[in-house]
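Here the structure comes first, spelled out in structure tokens, and everything after it is commentary.
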Amino acid sequence: MKKPKIFIACDTTSPNVIKKIISHTKTNKLNIGYKFGLEFFCSKDGRKFISKLKNKEIFLDLKLNDIPNTCASAIHSLRDLKNISYLTVHINGGYEMLKTIKKASKKINKKLKILGVTVLTSFSNSSIKKIGHTKSIKDLVKKQAVLAKSAKLDGIVCSGYEVKLLKKICKRMDIVAPGIRLKGDSADDQKRVVTPKDAFKNGATAIVMGRSITKGNIKNNIQKLIKSL
Ligand code: C5P
């Protein structure tokens, strides 16, 4: 059986904290990768640290969203980072941006997978109304998934609730679910939260876990995660 794929969200500016996260999440029961977002990538030592990481699956969560030319240039600027496996972009950027990003990514690294972010897991139906959307999250993510597929992205990012809904549209694509909490953990700022087990049951090909693993005793949290699956 395939090992469950977990990306640990390394949300910190400290390389030492990341070294600790990496050493405390070693296990042969899970397929673990590490996700770096803007917090670490923009920090003084972040980019260099990432460039030197070897033999780790690296997920760069930059959530690009700009005009096509600017996004293509940003991708070009990442060309020295040959060790990145996944990069995120906002599907909201539209078809032209997505196509341009995919094309640019092929030029710098044929193996780099581009994942399209649907509606952030920190949004609820009432909060998306406030930014002008008239559709429900369910309808919106379906439209976004169709767009991501038509632009030939490699996968999408959505909450564990929507995975089931998008599985048919995103056949053979990666479906990565953040907003994951172990039973009893606080949801914090996340609104659409599911357990690791439910996310996989719904069809996620990988999950992203931050605070449920990195807060408190990391080794214990990893054991709790393994048991819960
Ligand atoms: O600590 P927590 O598990 O909530 O962290 C979730 C991580 O996943 C964060 O790094 C966040 O930026 C990222 N993420 C998300 N929702 C998305 C896409 C990415 O929470 N839709």
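Every number for a ligand or one of its atoms is a count from 1 in the order of the listing.
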Inset, instruction - Kindly say whether the aromatic ring centers of F59 and F7 come within a distance under 6.0 Å. - result: yes
Inset, instruction - State yes or no: do V193 and V117 share one hydrophobic cluster built from I, L, V, M, F, W and Y residues joined by side-chain heavy-atom distances below 4.5 Å, directly or via other members? - result: no
Legend entry - Same apolar cluster: L78 and I67, side chain cutoff 4.5 Å: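 No: no chain of side-chain contacts under 4.5 Å links L78 to I67.
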For [atom], which protein heavy atom lies nearest, and how many Å away is it?
atom	value
atom 9 (C) of ligand 1	D11 OD2, 3.3 Å
atom 16 (N) of ligand 1	T121 OG1, 2.8 Å
atom 3 (O) of ligand 1	G210 N, 2.8 Å
atom 17 (C) of ligand 1	P178 CG, 3.4 Å

Legend entry - K113 and its side-chain hydrogen bond (donor to acceptor under 3.5 Å, both in side chains) partner, picked from T88, D174, D154: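 Looking at T88, D174, D154, the match for K113 under the side-chain hydrogen bond (donor to acceptor under 3.5 Å, both in side chains) is D174.
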Counting neighbours of [atom1] on [X] that are heavy atoms of other residues, nucleotides or ligands and sit closer than 6.0 Å, is the number greater than 12?
X	atom1	value
K197	NZ	no
K3	NZ	yes
K82	NZ	yes

So if I count the atoms of ligand 1 from 1 in the order they appear, which ones are less than 4.0 Å from some heavy atom of [X]?
X	result
K63	12 (O), 14 (N), 18 (C), 19 (C)
R211	1 (O), 2 (P), 3 (O), 4 (O)
V208	7 (C), 8 (O)
D61	12 (O), 13 (C), 19 (C)
A9	7 (C), 10 (O)

Legend entry - The one among R181, K35, M209, K215 that brings a heavy atom closest to atom 2 (P) of ligand 1: R181
Inset, instruction - May I ask you to check if ligand 1 and Q190 share an N or O to N or O distance below 3.5 Å? - result: yes
Inset, instruction - Answer with yes or no whether the side chains of S122 and D189 bring together a donor and an acceptor at under 3.5 Å. - result: no
Legend entry - D188 heavy atom under 4.0 Å from ligand 1: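 Contact absent.
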